Amino acid sequence: MNKEYVPEWDQPAVRSEETAAPAKTHAVAGVKQIVTIRLDVDMLEWFKSAGPGYQTRINQVLREYMEANRVRASGEQH
């Protein structure tokens with residue numbers, strides 16, 4: 001991978017209140033929202049140890065968990 005390439009998800013967000021888009025009530029897959037989350041230090045270090053893209057990896061783990069639980073929840077309703 002190109003060492004000069006910096007993924008956009010690792011860049012700090014620079015937005016003013018004037019240019020900020022209004023909050024949406026429904027999330028769309030693939031659209032990212034900047035959040036603050038508190039994680040255990042050892043877990044964060046483990047994700048970072050695999051190199052750039054740790055936020056994407058954390059997102060993927062959370063997505064897999066969400067999808068597994070969504071399937072489980074819909075199966076319990078039937």
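Quick note: residue numbers are just sequence positions, from 1. Here the structure is a predicted model, which is why all the values come from computation and not from measurement.
- Taking the side chain to side chain donor-acceptor pair (under 3.5 Å) definition, one finds that Glu64 meets it with Gln60, sequence neighbours left out.
- The minimum heavy-atom distance between Phe47 and Tyr54, with the atom names listed, is O-CB, 3.5 Å.
- Residues in residues 37-50 take part in no side-chain hydrogen bond (donor to acceptor under 3.5 Å, both in side chains) pair, two or more places apart or across chains.
- Contacts of Leu39 classified as side-chain contact (heavy atoms from CB on, under 4.5 Å), with partners at least two apart in sequence or in another chain: Ile37, Met43, Leu44, Ile58.
- In plain terms, the two heavy atoms of Gly51 and Arg57 that are nearest each other are O-NH2, 2.6 Å.
- Note that the CZ atom of Arg63 and the OG1 atom of Thr56 stand 11.5 Å from one another [nearest 0.5 Å].
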